[in-house]
Amino acid sequence: MPTLAIIGAQWGDEGKGKITDYLAENADAVVRFQGGNNAGHTIIIGENTFKLHTLPSGILRKGKLAIIGNGVVINMADMTEEAKQLTDAGMTLDCLRISDRAHVIMNYHKKLDGAEESRRGKVAVGTTKKGIGPAYQDKIARCGFRAGDLLESDLIKEKAGVLLPMKNELLDMYGGERCGCTVDKMCGMFETWNESFGRYICDTSVLINDMIDEGKNILFEGAQGSMLDVDHGTYPYVTSSSTVGGGICSGSGIAPNRIKEVVGCLKAYTTRVGEGPFVTELFGEEGAYLQDKGGEFGTTTGRGRRCGWLDLVVARYSARLSGITHWAITKLDVLNGYEEIKVCVAYEIDGEILKHFPASIRKLERAKPVYETLKGWKDMADYDGSYRSLPLEAKEYLRFIEESTGVPVGIISIGPERSQTVDVYKKWWPAQEQ
Ligand code: IMP
């Protein structure tokens with residue numbers, strides 16, 4: 001079956017954008033299935049730099065469909081800006097498809113995100129303040145706007161009349177700034193969005209399943225990472241969607257037995273943004289050194305990312321949750337020059353050794369990493385595009401990851417360029433298997 005998924009195996013920012021772009025070359029469609037414009041990556045093509053947050057990265061490749069599945073929440077106003085980058089560069093949106101069941105992020109969701117965060121005070125999540133949580137809250141509370149509503153103006157008027165006052169009452173309660181929108185203004189906004197995107201809205205579940213039946217290559221592009229999953233992540237310091245493999249099915253309308261390969265994107269060290277436990281975090285100079293070396297600053301918020309050693313408890317957990325068939329190890333080159341590299345293989349909590357990721361954040365806060373120390377390497381000066389030419393110690397590092405997780409390494413990325421990608425597996429799509 002020609003389906004392939006890319007899932008972040010840590011707290012997001014694993015470098016999925018580059019791996020997606022690499023694997024998208026032979027895909028017929030790239031599908032996003034969860035999250036919203038809290039995600040983001042920068043793609044450079046020739047002289048143009050594109051910053052994508054909602055549009056799937058496939059949109060930049062001619063002849064491929066870029067599909068926004070039902071599990072995504074869409075900020076239409078921000079997506080209009082994203083689309084403008086493309087049209088300004090002479091590209092069209094013809095290959096875009098948007099699920100009629102995807103939910104819409106409204107301005108009041110953004111305001112509520114900010115107000116809820118300040119109200120939480122010292123237990124704030126550290127969200128991106130894009131309105132992601134409140135938009136998913138409304139989806140579950142059954143009072144959200146869906147992309148399909150863009151095509152039905154009478155429905156918008158009816159819903160807006162009820163929802164606008166409700167949301168303003170909530171904002172008052174939290175002491176937040178009211179949403180200045182009126183029902184008429186909201187109807188006008190939906191009309192504008194309909195003009196821009198209405199023609200791309202359809203039942204994407206039918207579309208994706210038909211394409212799979214026809215033997216087309218479908219790439220599912222995960223946003224964020226497993227540890228930000230609303231069920232399995234470091235709750236409550238998580239995002240509000242299902243970022244693990246199961247999210248592909250509910251978020252795009254396909255059955256579990258239609259997913260063939262699952263690539264887990266694993267950065268050679270660990271980063272996270274926002275609040276929440278991080279067992280292998282490095283502080284002070286050590287943390288700052290890795291942050292600087294890895295250029296660890298957010299695409300969406302510009303925030304500096306917290307940095308630490310690779311955590312294989314997390315990697316094993318992610319592999320189990322998503323059925324990861326191969327690792328794509330990213331940013332391995334950032335570890336160049338370390339004499340020794342530490343890898344966390346277990347946690348010590350209250351004198352007990354734990355190999356599985358616990359649910360309790362209190363326990364995680366008390367967890368001490370159990371490290372194994374591996375030999376580092378100087379640089380990758382001998383790299384000629386092959387696995388063979390990587391430093392011996394780097395290959396040992398990769399072997400250690402494979403053995404500890406039981407998952408083979410399929411791709412290794414040692415820099416932002418296409419040429420800095422070692423494809424070990426090389427059989428991602430059926431045509432490549434022959
Ligand atoms: P939200 O998704 O904006 O609600 O934020 C919830 C948590 O997820 C915060 O800790 C964010 O920093 C984190 N988060 C959301 N999106 C990303 C991402 O794309 N990369 C890394 N962290 C993210």
Side-chain angles (χ1 to χ4, degrees), residues 6-20 32-43 51-57 71-75 78 82 103 105-106 108-120 122-140 144 221-244 247 251 265-267 269-278 281 291 294-308 311 314 318 330-331 361 364:
I6 298 175
I7 298 284
Q10 294 151 315
W11 279 275
D13 308 315
E14 296 92 352
K16 293 182 294 294
K18 180 190 160 179
I19 305 299
T20 305
R32 270 201 67 182
F33 54 89
Q34 48 73 224
N37 57 338
N38 46 351
H41 47 251
T42 306
I43 298 179
K51 288 190 186 290
L52 299 185
H53 296 281
T54 302
L55 294 171
S57 36
V72 176
V73 285
I74 308 171
N75 184 316
D78 287 0
E82 267 179 63
H103 277 247
I105 303 176
M106 307 298 295
Y108 52 70
H109 289 138
K110 273 180 79 170
K111 287 183 182 287
L112 277 165
D113 200 349
E116 282 178 9
E117 279 287 89
S118 356
R119 190 73 181 77
R120 280 195 189 113
K122 62 180 200 308
V123 290
V125 176
T127 72
T128 58
K129 303 229 174 85
K130 298 280 177 187
I132 306 296
Y136 278 115
Q137 284 170 33
D138 275 2
K139 172 176 171 169
I140 303 300
E221 175 186 1
Q224 289 86 46
S226 315
M227 304 314 292
L228 290 172
D229 183 271
V230 68
D231 286 278
H232 304 285
T234 42
Y235 190 90
Y237 301 103
V238 292
T239 190
S240 299
S241 61
S242 297
T243 59
V244 296
C265 217
L266 188 70
K267 187 146 55 180
Y269 51 97
T270 311
T271 60
R272 92 169 284 180
V273 280
E275 305 305 320
F278 179 176
E281 182 165 10
Q291 184 186 63
E296 296 294 352
F297 298 91
T299 319
T300 303
T301 59
R303 290 185 286 183
R305 298 176 185 139
R306 299 154 65 192
C307 296
D311 185 338
V314 164
S318 296
T330 57
K331 298 185 109 170
I361 54 157
L364 281 166

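Numbering of ligands and ligand atoms starts at 1, following listing order. Positions are given from 1, in the same order as the sequence printed here. What you see is a predicted model; the values in this text were computed from it and never measured.
For the pair T239 and ligand 1, the shortest N or O to N or O distance falls below 3.5 Å. Residue N38 has at least one N or O atom closer than 3.5 Å to an N or O atom of ligand 1. For ligand 1, the polar-atom distance check against R303 finds a nitrogen or oxygen pair separated by under 3.5 Å. The distance criterion of under 3.5 Å between nitrogen or oxygen atoms is not met by K129 with respect to ligand 1. For a threshold of 3.5 Å applied to N or O pairs, the pair formed by R272 and ligand 1 contains no separation below that value.
V314 has its side chain out of reach of T270: every pair of non-hydrogen atoms, C-beta onward, lies at least 4.5 Å apart. Considering only heavy atoms from C-beta on, L52 comes within 4.5 Å of E82 through its side chain.
By heavy-atom distance, the residue among V230, T127, V125 lying nearest atom 4 (O) of ligand 1 is T127. Atom 13 (C) of ligand 1 has its nearest heavy-atom neighbour, among D13, L228, I132, in L228.
Protein heavy atom in closest approach to atom 22 (N) of ligand 1: V273 CG2, 3.3 Å. The protein heavy-atom contact nearest to atom 11 (C) of ligand 1 is G126 O, 3.6 Å.
Around CZ of R119, the count of heavy atoms belonging to other residues, nucleotides or ligands within 6.0 Å does not exceed 12.
Within the 3.5 Å criterion, the main-chain N or O of G36 finds a donor-acceptor partner in the side chain of N38. Under a 3.5 Å cut-off, the side chain of S226 and the backbone N or O of S318 do not form any donor-acceptor pair.
Contacts of V238 with ligand 1, taken as heavy-atom pairs under 4.0 Å, involve the backbone alone. With a 4.0 Å heavy-atom cut-off, ligand 1 is reached by the backbone of W11 but not by any atom from C-beta on.
Partners of E281 by side-chain contact (heavy atoms from CB on, under 4.5 Å), not counting sequence neighbours, listed by chain and number: F278, F283, R306.
Residue Q224 has at least one heavy-atom neighbour below 4.0 Å for each of these atoms of ligand 1: 15 (C), 16 (N), 17 (C), 18 (C), 19 (O).
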